[in-house]
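Bear in mind that the values here come from a model prediction, so they are computed numbers and not experimental data.
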Amino acid sequence: MTDMWTCPSCGRAFASRNQSHTCAALGDLDRHFARASPQVRATFDAVLACVRVIGPVQVLAEKTRIALQVRMSFAALMPRRDWLNGHLVLARRIDSPRFLRIDTFSPRNVVHVFRLSRPDEVDAEFAAWLAEAYRVGAQEHLRRPRLLDGAALFDGDCVGG
């Protein structure tokens, strides 16, 4: 895996050299929640706590969204007054009524749009999707699998059964 590239203008790190991005300073995370109900912030905090159990993450308070990044962004969250809009980047399509829309950009780059209204919606099912998206953000899905007893396993797999 290659080293991260750092934009000389804004200082952000990216997995790809000369990654296309809006070169702007990151903002204040709390600004995103200025008009949101406390329930929305609690829901965001539940998502972030779940991700931090998986591993280290950068929280990027951009102008219009909050991105979660490992090597690349794997989730984005947009607080609204009464809910949290967001999306996860997965390496496969998951059909679930919990996703409002699914956009396939490439065979291993599938964006799943969701809306959360309460912290308890960050349940075991959603946590598993976050873990899978985290691995995409770490670009583990691009590594060649090692074979063990005929089963493909990926180094660093963090989701059980």
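Separating the CZ atom in Arg71 from the CD atom in Gln139 is a distance of 4.5 Å, to the nearest 0.5 Å. Here CG of Leu130 is found 11.0 Å from CZ of Arg135. Values are rounded to the nearest 0.5 Å.
Here Asp103 pairs with Arg101 in a salt bridge; the nearest charged N to carboxylate O distance falls below 4.0 Å.
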query = What's the verdict on side chain to side chain contact (heavy atoms under 4.5 Å, CB included) for Gln69 and Val57, showing C-alpha distance, side-chain angles and the deciding distance?
reply = CA-CA 6 Å; Gln69 179 183 340; Val57 63; 5.8 Å; no

ask   = side chain to side chain contact (heavy atoms under 4.5 Å, CB included) between Ile66 and Phe44: does it pass, once the steps are laid out?
value = CA-CA 10 Å; Ile66 303 164; Phe44 170 81; 3.9 Å; yes

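Side-chain contact between Arg93 and Asp95 is present, with heavy atoms from C-beta onward closer than 4.5 Å. Side-chain contact between Ile94 and His112 is present, with heavy atoms from C-beta onward closer than 4.5 Å.
Hydrophobic clustering (ILVMFWY, side-chain heavy atoms < 4.5 Å, transitive): Trp83 and Leu77 are in distinct clusters. Val51 and Val59 fall within a single hydrophobic cluster, where Ile, Leu, Val, Met, Phe, Trp and Tyr are joined by side-chain heavy atoms under 4.5 Å apart, directly or via other members.
Between the side chain of Arg92 and the backbone N or O of Val110 there is no donor-acceptor pair closer than 3.5 Å. The backbone N or O of Arg98 lies less than 3.5 Å from a partner atom in the side chain of Ser96, making a donor-acceptor pair.
You'll find the ring centres of Phe99 and Trp129 inside the 6.0 Å limit.
Shortest non-hydrogen contact noted between Val40 and Arg81 is CG2-O, 3.5 Å.
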